[in-house]
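Data block below; observations after.
Just so we're clear, the structure is a prediction, and the values are computed from it rather than from any experiment. As a basis for the values below, the full set of heavy atoms in this structure was taken, side chains included, without hydrogen atoms, waters or symmetry mates.
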Amino acid sequence: MKISSDFDSGNILVQDASDPHKVLLTMRPDLNSHHFQWFHFQVEGLTPGARHDFSITNAGQSAYSHAWTGYNAVASYDQRTWFRVPSRFEDGALHFGLEPEHEHIWFAYFEPYSRERHSDLIAQALALPGVELHGCGRSIEGRDIELLRVHRHPQASRKVWIIAQQHPGEHMAEWFMEGIVRRLQDSSDVILDALLQQADLYLVPNMNPDGAFRGHLRTNAAGQDLNRAWQSASLERSPEVFFVQQAMREVGVDLFLDIHGDEEIPHVFTAGCEGNPGFSARLEALESEFRSRLVERGAEFQTRFGYPRSAPGQANTALACNSVGQEFDCLSFTLEMPFKDHDDTPDPLTGWNGERSMKLAGEMLDVVAEMVDRLR
């Protein structure tokens, strides 16, 4: 048996593989950080039809140790079709296993979104009418951070911003961004055209390419949580945020969506700006309408479960959602998708996955189109 993780978004350390039917593993922390929760590794030399079990022994010390309860790992034989593997959290370890159909398999915390697929996504987007590379930042390790502008109608005056994967282990976020690009590929989409008659889209499909490539959960190569850097962005520790903030200040923001994944809550939900000092009745009404319209569309979304609401004036403005909402006096949301499943519409085979993330993106664009004329 050979276990490897020396590839894009790979993360695992082998503790003991002497017994191929009871393999002990650990997750590697983010570089320059204590955070860890993401894993992604390949196993070769399996015996098809024979039981193989794996235990990640340091799961109980991970960043969100309570998240393992009710969680099932994902697996794939071809890195295209991913399925859930029954898992259990016991004695501080995450245990999972199966009787494989093939001699090799990949396991991961969530369906990975590779850097190769990212490059293809950017190329596909730039081949579409009205899509241009508005700017390109650089990560600490020199990877591109592409900012795409979608501009199809000269009279469009609104600025809609969508960024994803500030937290690199939250791969569902870039699957969501692929859903945006897929929607842009449909030239007969009258709803999207109506949106683009009033608004330009500014899209950052991956805010944290270093962390994603390295198999991090939470931070960039400096160990910085980018979603805690929006009041202190610097070229030294958070050039990713610095680049996007500068671009926002150049063009303005009328709506901001920051796309994330949540380890613990098995639901899709949003967090808003109710704790901001500048939060107004206008913004409260827009937030409520946005959520209601998503529910009414039948999207995989709900409003019962989520984060506790911040008290008035007590928002953490280091977070992108609060920082952008406060600075630009605009409708601003963090969208959270689960690592587990959306329990309102569960799918035991896949749990929440890339395909469902992409579908949600399209439904969210419908809501933006319905509300774009009332953002100011």
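- Side chain of Asp341 to backbone of Asp347: a donor-acceptor contact under 3.5 angstrom is found.
- Asp91 CG: 12 or fewer foreign heavy atoms inside a 6.0 Å radius.
- Rounded to the nearest 0.5 angstrom, Ile259 CD1 and Met177 CE are separated by 7.0 Å.
- Under the 4.5 Å side-chain criterion, counting only non-hydrogen atoms from C-beta, Leu147 is not in contact with Leu203.
- Residues Gln302 and Asp344 bring no donor and acceptor atom of their side chains to less than 3.5 Å of each other.
- Met337 and Ile180 end up in the same hydrophobic cluster when Ile, Leu, Val, Met, Phe, Trp and Tyr side chains are linked at under 4.5 Å.
- With hydrogens and angles left out, the side-chain atoms of Asp262 and His260 include no donor and acceptor closer than 3.5 Å.
- Side-chain polar atoms of Asn208 and Glu240 form no donor-acceptor pair below 3.5 angstrom.
- Taking the ring axis of Phe213 as reference, the NZ or CZ atom of Arg143 stays within 45° of it and closer than 6.0 Å to the ring centre.
- Clustering ILVMFWY residues whenever any of their side-chain heavy atoms sit less than 4.5 angstrom apart, transitively, puts Leu201 in the very cluster that holds Leu335.
- Remark: Glu327 engages Arg249 in a salt bridge, criterion side-chain N to carboxylate O under 4.0 Å.
- Remark: the Arg291 side chain and the Thr270 side chain contain an N/O donor-acceptor pair separated by less than 3.5 Å.
- Outside the 6.0 Å centre-distance limit, the rings of Phe333 and Phe256 are not counted as a close aromatic pair.
- Minimum heavy-atom separation, Leu184 to Leu128: CB-CD1, 3.7 Å.
- Between Thr345 and Phe301 the shortest side-chain heavy-atom distance does not fall below 4.5 Å.
- His66 and Glu263 share no donor-acceptor pair across their side chains, judged by distance under 3.5 Å alone.
- The aromatic ring centres of Phe83 and Tyr77 sit less than 6.0 Å apart.
- Of all heavy-atom pairs between Lys340 and Arg84, the closest is O-NH2, 3.2 Å.
- Side-chain atoms of Asn11 and Ser5 include no donor-acceptor pair closer than 3.5 Å.
- Note that the CD atom of Glu289 and the CD atom of Glu296 stand 9.0 Å from one another [nearest 0.5 Å].
- For the pair Asn353 and Glu111, the tightest heavy-atom approach, listed with the atom from each and the gap, is CB-OE1, 3.5 Å.
- The shortest non-hydrogen separation linking Ser332 to Val324 is OG-CB, 4.3 Å.
- Rounding to the nearest 0.5 Å gives a distance of 11.5 Å between CD of Gln42 and CG of Asp6.
- To the nearest 0.5 angstrom, His151 atom NE2 is 7.5 Å from Lys159 atom NZ.
- Residues Pro112 and Trp82 share a closest heavy-atom pair of CD-CZ2, 3.4 Å.
- Below 30°, between 30° and 60°, or above 60°: for His171 and Trp38 the angle between ring planes is below 30°, a parallel geometry.
- A salt bridge links Lys359 with Glu363: the distance from a Lys NZ or Arg NE/NH1/NH2 to an Asp or Glu carboxylate oxygen falls below 4.0 Å.
- Listed here is the closest heavy atom pair of Phe279 and Glu287: CE1-OE2, 3.4 Å.
- For the pair Asn206 and Ile163, the minimum side-chain heavy-atom distance is 4.5 Å or more.
- For the residue pair His167/Asp225, the side-chain donor-acceptor check at 3.5 Å is satisfied.
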Q: Go through Thr57 and Gln15 one step at a time and tell me if the side chain to side chain donor-acceptor pair (under 3.5 Å) criterion holds.
A: CA-CA 9 Å; Thr57 61; Gln15 185 177 1; 2.8 Å; yes
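- Within the 4.5 Å cutoff, side-chain heavy atoms of Ile122 are placed close to those of Pro205.
- There is a path of hydrophobic side-chain contacts, each under 4.5 Å, that joins Phe176 to Val181.
- Linking Ile, Leu, Val, Met, Phe, Trp and Tyr residues whenever their side-chain heavy atoms come within less than 4.5 Å places Leu360 and Leu195 in a single cluster.
- Surrounding NE2 of His104 are more than 12 heavy atoms belonging to other residues, nucleotides or ligands, all under 6.0 Å away.
- Atom CG in Asp53 sits 8.5 Å away from atom CG in Leu98 (nearest 0.5 Å).
- Between Phe39 and Phe107, the gap from one ring centroid to the other reaches at least 6.0 Å.
- Here the options are Tyr109, Phe89, Phe110, the test is ring pair (Phe, Tyr, Trp, His ring centres under 6.0 Å), and the partner is Tyr71; only Tyr109 passes.
- The backbone N or O of Thr81 sits less than 3.5 Å from a side-chain atom of Asp78, completing a donor-acceptor pair.
- Here the two rings, on Tyr202 and His134, have centers that are under 6.0 Å apart.
- Side chains of Trp68 and Ser62: a donor-acceptor N/O pair is present below 3.5 angstrom, by distance only.
- Checked against the 6.0 Å centroid threshold, Phe7 and His40 count as a close aromatic pair.
- Interatomic distance, Glu300 CD to Trp352 CH2, rounded to the nearest 0.5 Å: 4.5 Å.
- The shortest distance between side-chain heavy atoms of Asn316 and Arg228 falls below 4.5 Å.
- At a threshold of 4.5 Å between non-hydrogen side-chain atoms, the residues Gln198 and His153 do not count as touching.
- Taking hydrophobic clusters as Ile, Leu, Val, Met, Phe, Trp and Tyr residues chained together by side-chain heavy-atom distances below 4.5 Å, Ile105 does not share a cluster with Val74.
- Residues Glu274 and Glu284 have side chains not in contact (no heavy-atom distance under 4.5 Å, counting atoms from C-beta outward).
- In this structure, Arg152 does not pair ionically with Asp193, as no charged nitrogen and carboxylate oxygen lie closer than 4.0 Å.
- Counting non-hydrogen atoms of neighbouring residues, nucleotides and ligands closer than 6.0 angstrom, the CD atom of Gln185 exceeds 12 such neighbours.
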Q | Worked check of side chain to side chain contact (heavy atoms under 4.5 Å, CB included) between Gln245 and Ser323 | A | CA-CA 10 Å; Gln245 281 186 322; Ser323 177; 4.2 Å; yes
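- Here the two rings, on Phe305 and His267, have centers that are under 6.0 Å apart.
- By the 4.0 Å N-to-carboxylate-O rule, Glu132 lies close enough to Arg149 to be salt-bridged with it.
- Using a 4.0 Å cut-off between a side-chain N of Lys or Arg and a carboxylate O of Asp or Glu, Arg183 and Asp366 qualify as a salt bridge.
- Between the side chains of Gln165 and Tyr113, no donor-acceptor pair of N or O atoms lies under 3.5 Å.
- Side-chain N/O atoms of Asn322 and Gln326 include no donor and acceptor closer than 3.5 Å.
- Looking at Asp210 and Ser139, their side chains do bring a donor and an acceptor atom within 3.5 Å of each other.
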